[in-house]
Every structure is written in C-alpha cells, then in structure tokens.
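Below, read A as the first sequence line, B as the second, and so on, with proteins coming before strands; counting in each chain starts at 1.
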4 protein chains.
Amino acid sequence: MTQDQTTELKRVDARRNEQTLLDAAAELFVTSGVNVPVRDIAARAGVGTGTVYRHFPTRAELVIAVYRHQVEACVQAGPDLLASQPSPLAALERWLLLFADFLMTKHGLATVLQSSDPGFAPLHQYFLDRLLPVCASLLQAAEAAGEVQPELEPYELMRGIGNLCIGAETDPNYRPHRLIEVLVMGLRRPV
Amino acid sequence: MTQDQTTELKRVDARRNEQTLLDAAAELFVTSGVNVPVRDIAARAGVGTGTVYRHFPTRAELVIAVYRHQVEACVQAGPDLLASQPSPLAALERWLLLFADFLMTKHGLATVLQSSDPGFAPLHQYFLDRLLPVCASLLQAAEAAGEVQPELEPYELMRGIGNLCIGAETDPNYRPHRLIEVLVMGLRRPV
Amino acid sequence: MTQDQTTELKRVDARRNEQTLLDAAAELFVTSGVNVPVRDIAARAGVGTGTVYRHFPTRAELVIAVYRHQVEACVQAGPDLLASQPSPLAALERWLLLFADFLMTKHGLATVLQSSDPGFAPLHQYFLDRLLPVCASLLQAAEAAGEVQPELEPYELMRGIGNLCIGAETDPNYRPHRLIEVLVMGLRRPV
Amino acid sequence: MTQDQTTELKRVDARRNEQTLLDAAAELFVTSGVNVPVRDIAARAGVGTGTVYRHFPTRAELVIAVYRHQVEACVQAGPDLLASQPSPLAALERWLLLFADFLMTKHGLATVLQSSDPGFAPLHQYFLDRLLPVCASLLQAAEAAGEVQPELEPYELMRGIGNLCIGAETDPNYRPHRLIEVLVMGLRRPV
DNA sequence: AATGAATGAGCCTTCATTCAT
DNA sequence: TATGAATGAAGGCTCATTCAT
C-alpha cells in the first residue's frame, strides 16, 4: 500500500512535470515554431534539458504529445457533425473549418505538417492515421448523398486545408476560413 | 584608357560572377531550399563566400534576384491571358495555375513566401508589389463580367494559391492543380 | 521478532540486489567496457541508478567488487602452480598466462588498469596489493633456482603483461599469449 | 604575379595557423590524451573551434597530422639502422626502441593506437601502412640471418611494443625499454 | 573586388550524480 | 532502502558573418 502510494506520488509528480513541459512547449511552438530550441522549452518549463529528453526523446514525440488532445477532439467531432448537421456536405464543411481552427491556433503546426524533415515523419503519420479516416468518411458520405462530385482524394483535401492555414496567425488580412468555404463550394455538384 | 579598360573588364567580370551566383543559387534553391548554406552557394558558383555577400548582402536580395525573371514573366502573362482566353475567369484560372507552376518548380519558394522570418519581408513585399496588381485586375475583370462573386480579396487568393503549392514537390499524392481548379470552381457565380 | 525478520529480509534483499548488480556489471564490462553508463548497469540489473550508488559509491569500488573473486583465484593459483609445475619458471609462465587470460576475458579491464584517471587509483592499488606479492614470489623462486636472470622488477613484469593484453578481445590477429611466451623466454638465463 | 603573391601570403597565414593548431594539439595530447575536447585545442591555439574543423575535419586527421613527421622519421630509420648496426637483430632492437621512444614521448598515443573507436580507424591504418612494412623487413632480415626464430608476426610484434609503452609517461617505475629488450632476447634463436 | 580563413554563438545530446518521494 | 526523475555541465558540430590579405 505504502509502496503503491509512493509510486502514485511519483507518478503524480512526473505527470505534473510532463504537463508543465507540454504547456511550455505549446506556448513556444506558437511563438517560435516547433523547431524552438530544446533549451528554450526547458527554460520556460523551469526544468533542465535532460528532463525534456526524458519525457520526449524526440522532438516529434513532443509535438505529437502537445497536440494529441486536440487531434483526438477532431476525430470525435467527425461522427458528431455527421449526426447533427443537416447534410453530409455541411458536416464536411464544418469539420474542415474545425480542423482549420485547430491548426490556426497552433502557430507552426501547419508548417510542421508539411515539413520534409524526416524526423517529423512520425508526426505526419500520426495525423494521417487519426484524421484521414474521418475526413474520408465525411467526404464519402457527401458523395453518397450526391452532394459533391469526386474531385479530390481525401488526402489531398486535408493536405490542402492544412496548407491554407499556414501563416494565418500572423496575418490579419488572410482568412483561411473564406478560402475553405470557397473550396467546399467548388466541390458541390451543380444542380 | 587603360584604366578604363581595366575598370570595364572588372565590371564584366563582376557581372559574370553575379550571373554565376544566380545560377548556382537557383539550382541549390531547387534542390535544397532557399535556406541552403551560403557556403554551398559560393562553392557551387566557384567563388568565395565573401563574394556572395558583396553581391547580395542579404539572403532576401539573393532570392529576389534569383526569381526576378520569372516573377516578371508572370506579370506579363496577366494581360496576355486576359486577351487570349475566352473569358476573364478562364484567364484568371490559367494565371493562377501558371503562378502555381512557378512556385512548384522552385522547391521551398512557397515555403519562404509564408515564412514569418522578418529577414524575408523584402521578398514578400517584392512578390506582392509585382504580382498582386495582376491578380487583382484579373479577378476584377471576372467580377465585372459577372462570372464570379466577390468572395475573396485578391491578396487572400494569391496567398491561398501560394500556400496550396507548399510541399507539392516531394509528395506525388498531392496535386495543387486539382485544388486550384476546385477553388476557382467555388468562386464562380451560380447561374 | 517480526522486526528482526523484516530486517533480515531486507538484508537478504540487499544482498541479492548487490549480487544482481555485480552480475549485471560483469556482463556489461565485458561487452561495453568498464566505463559503461551507470544507467545501463542499473537497467540491466533491474534496479534504479540510486541503488548502484548506494552499493558502490564509486565506479572503482564496483570494478573491484566485480573482479574480486577472480583476483583472489589468481592469488591462490600462485602457490598451487609453484607446487604443481616442474620448475619455478614454468610456474611463473603458467601464472602469467593465467593472469593474462583473466584480463583478456574482461573487455576493457586491461585498459582500466593503465588508466591514469585518479578515480581508478583504488582499483590499481587493489590489484597490486593482491597480485604483486604473488608475482614477486614466483619470480624470486625462479631466480633462486637459477632459471632466470634478474632483468625485471616484478612490478614491471606485471605491468607489461597487463599492457600486452590490451585490445586482444577485438583483434584476432593479436595473440598476447605468444608475446608472453617470448617474454618469458627472454628472461631465461642462458645455459 | 600579385595574385600569386596574395595567394602565397594566404597560404603562409593558413599554414602558420595550422602549425599553431598542431602545436597546441600536440601539447594537449600529451597532457590530456588525444580525446581532449576540440574546444580546448582551439583555446590553446587561440583560435575558434571552427578553425580546428576547417583544418582537420575529423579528430583522426588531426592526430595523424600531429604525428606524421615522427612516423615518417621512424620509417626512415629502418633502412638506416639495418645499414649501420652490426646485425639485423641489433637493427630490429634499436628500431623497436626508437619506435617505443616515439610512442612514450606522446602521452596517449599508444593508447589511441589500441582504441577500438571506429573514428580512429584511419589513424590505425596510417600507422600500419607506414610502419608495418619497416618492422616486417627488419624482422625478415633477422630471420634470414638466422638470428631469430619466427615466433611472432610483424603485426603482433608492433602491437605488443605499442602496448608495452602504454602508461610509461606517468609511471617512473615502469620501463618499457627493459621489457622490450627482454622480448627481443626471447626472439633470439638459441645457439 | 575577390577570397576563404577565422570566429564564435548556438544547438543537440549524453550521462554522472543528487535527491525528493 | 530503493527508486528513477531531475539536473546541468560538457562536448561535438554547423554555419552566418566578418575581415585580413
């Protein structure tokens, strides 16, 4: 029992530290991009550099961890929107806008999603593994409903949305939402 | 006279050097991105690093110089397409695809266009100064012809096209052309 | 009683832990040298790093402990060989080869014996304290028997043998045994 | 001509700097071993770390450069001794002692020669390429003259001599010369 | 004007050692 | 006692930029 307690306490501490790191990284990713020096992350979190490496041996792991919650929220939103929106196409549009909001509030996330640095491959994979099926099923539903023509592969659509979000945070004259709406309009089957 | 001759010769040499540098940089920008080490550019051009700095004190200046010809060709293409295409909207689409082709054949150029590195500000400015008017006039013509609804600002449209081109060189499953076509479709006024 | 039992149990545990550590260290010393990271030793033993430090505050102590048994076996072998071999010189040669075998099967041990890192001083001392008298007595016996000339100090002889063993594990083209035999041959008094 | 002069001057400067680096490295290799931090070498030479890497991209190259002169002197000494000594065996012994002197005055050189760090492979290769043929020809000559029995391969002999020199600089009670003499004695064919 | 050597800040990463739990 | 998380010094390496020649 005491042993369990001790273990539990340790875990709690470690968890807290990990959370501190995630918060620090999230902040710095926004202000300085996901390639911010490890030292900066450690400093912001008030820990040593070694602690960063202990919790997240690679940068990709840290990035994944930072965004995991929101990626999962996006995954959940897919079926929810399909059920609650008036049509599959409306659900798709809402989901794409949601996905875009997620990316846009994370400065540099859209950027890293298109980085060709092989170190980020696991991150790309994670995003695709989780989100592509959701996007595909929404697109499929809209096609099945006769609302859209099969112009784009789900992968291209997601990639395009991701790209459209790049740089939005720092440029008030650039509104990805508008572009996404136009894009979805372009998918619509002419009546 | 001899003095003049010498000076003249030097100028010729300097010119040759500058062109050699531009060629070297163009090649390396394609293969290694616009952030390729200065040393590599100098080495490829067969000159010293100092020579690079003499001709192009900042990286932005070098990038601008490298792409100047093609940017100007894009500028020229605007009126030409407007004159030769069956409709303003068709001219706009062609021009956007042309712009995209330009970006896509320059690895990393689309990326740098969205970089928030302040050092690239002059580069951004140059692109906007030259290309935005062209894009705006094409969009305006299409609107005036009643072909499109005024959904997007010219700046947003160009920015979006630029973004869509990111990462296309290394990903055969991603075809910006398709996305651009869908986007233009979405601009069309419903009949 | 219960208290005693607990204490007793703890001691048993501690002993077991210590032995586990020695085994783990012995294995890793062979494969990775005596400077293998403490963490690796702890991991192999299935304990925390702190436990390593508790049992062996310095690396030298750990190394000494790991090799104690075999050093003592070498010590024992001296008189045994003197008694069982046909001559003191034969006994000396056998003992030196035995010593060499010991060193050679411990990757990096010969190396550490010549390390000038002051942290290893206790280790050096231990080896000398235990083994030098044995070597000296064997050499002395051979001299007394008129088999060898007093060319070398026992210390030099041992040091030389130790050095000859360095690197033998990884180089099949280098056979310290041959060199030791030649060296012993060179000690022999000409008839 | 002016161009040539300029080039020549640059070379002179670079050479001086390179020599400064070699001197600094030589000193530090003696006091701290050949694995002394690059930063320390740079500091001792009064240059930046980048300068070290410019001149010697890898540590092995630096080590080779530091010892090149003396290795070559050793190479030269082989034939000279064969010609000047009364017998091939005497020449061999002198040469081995010379080789040992070389190693012993370079603290840590003998150590690095037995290092299994793959980064030092070029260094090992260089030593073997240059010195092994010399040692082999001396040994061969002694065998041909009937002075020694073919007990050892040239490689083993050199390796053994190298090992015997380890740690001699810091231990006044250890005299590799004595051991080498005994070893050569052991090679001699019994009359 | 050109050269390219030199500089040194800056980043990543490892690991011995300490210490809170 | 045992644990293993945290620390942070250390060292390798790169590259933008300066400057003597």
Side-chain angles (χ1 to χ4, degrees), chain A residues 2-3 5-18 21 35-40 42-43 45-55 57-59 119, chain B residues 6-7 9-11 13-14 17 35-40 42-43 46-55 57-59 119, chain C residues 6-7 9-11 13-14 17 35-40 42-43 46-55 57-59 119, chain D residues 2-3 5-18 21 35-40 42-43 45-55 57-59 119:
Chain A
T2 303
Q3 192 59 27
Q5 249 186 10
T6 304
T7 306
E8 190 55 29
L9 284 171
K10 274 181 192 168
R11 273 181 189 159
V12 166
D13 266 28
R15 285 262 174 98
R16 195 179 344 253
N17 227 327
E18 187 163 318
L21 271 171
N35 283 310
V36 64
V38 170
R39 275 217 250 285
D40 293 0
V47 303
T49 56
T51 303
V52 181
Y53 283 97
R54 163 178 292 276
H55 287 282
T58 70
R59 185 177 292 268
Chain B
T6 303
T7 306
L9 283 171
K10 272 181 187 172
R11 272 180 191 161
D13 270 22
N17 245 335
N35 285 310
V36 65
V38 170
R39 268 220 264 282
D40 293 0
V47 304
T49 54
T51 305
V52 180
Y53 283 94
R54 164 174 297 276
H55 286 282
T58 71
R59 185 176 293 266
Chain C
T6 305
T7 306
L9 284 172
K10 274 181 185 170
R11 272 180 191 163
D13 270 23
N17 244 335
N35 285 310
V36 65
V38 170
R39 268 221 265 281
D40 293 0
V47 303
T49 53
T51 305
V52 180
Y53 282 95
R54 165 173 298 274
H55 287 283
T58 70
R59 186 176 292 266
Chain D
T2 304
Q3 194 59 26
Q5 248 186 12
T6 304
T7 305
E8 189 56 29
L9 283 172
K10 273 184 192 165
R11 273 183 189 160
V12 165
D13 266 27
R15 285 262 175 97
R16 196 180 343 253
N17 227 327
E18 187 163 319
L21 270 171
N35 283 311
V36 65
V38 170
R39 278 215 243 285
D40 293 0
V47 303
T49 55
T51 304
V52 181
Y53 285 97
R54 163 177 293 276
H55 287 281
T58 70
R59 186 177 292 268

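- For the pair D:Glu18 CD and E:dA6 C1', the interatomic distance rounds to 14 Å; values are reported in whole Å.
- Residues passing the side chain to side chain contact (heavy atoms under 4.5 Å, CB included) test with A:Ala45 are A:Thr20, A:Leu21, A:Ala24, A:Val47, sequence neighbours excluded.
- When all heavy atoms of A:Arg59 and A:Val36 are compared, the pair lying nearest together is NH1-O, 2.8 Å.
- For D:Tyr53, taking side-chain heavy atoms from C-beta onward, the closest of the listed nucleotides F:dA16, F:dT14, E:dT18 is F:dT14.
- Projected onto DNA chain F by closest heavy-atom contact, D:Pro57 and B:Pro57 fall at different nucleotides, the more 5' of which corresponds to D:Pro57.
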Secondary structure string for DNA chain E (Watson-Crick or G-U under 3.5 angstrom, | for other-strand pairs): .||||||||||||||||||||

Would you list the protein and nucleotides 8-11 of chain F atom pairs, both N or O, that sit under 3.5 Å from each other?
| unit_1 | atom_1 | unit_2 | atom_2 | d |
| --- | --- | --- | --- | --- |
| F:dG11 | N7 | D:Arg39 | NH2 | 2.9 |

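- Between C:Tyr53 and C:Thr58, every side-chain heavy-atom pair lies at or beyond the 4.5 Å cut-off.
- Contact annotation for A:Gly119: no contact, since no heavy-atom pair falls under 4.0 Å across all strands.
- Side-chain proximity of D:Asn17 to F:dA2, E:dA6, E:dT3: nearest is E:dA6.
- Dashed line: the shortest gap from a side-chain N or O of B:His55 to OP1 or OP2 of E:dA1 is not under 4.0 Å.
- Of all non-hydrogen atoms in D:Val52 and D:Ala42, the two that sit nearest each other are CG2-CB, 3.8 Å.
- To the nearest angstrom, P of E:dA6 lies 13 Å from CZ of D:Arg15.
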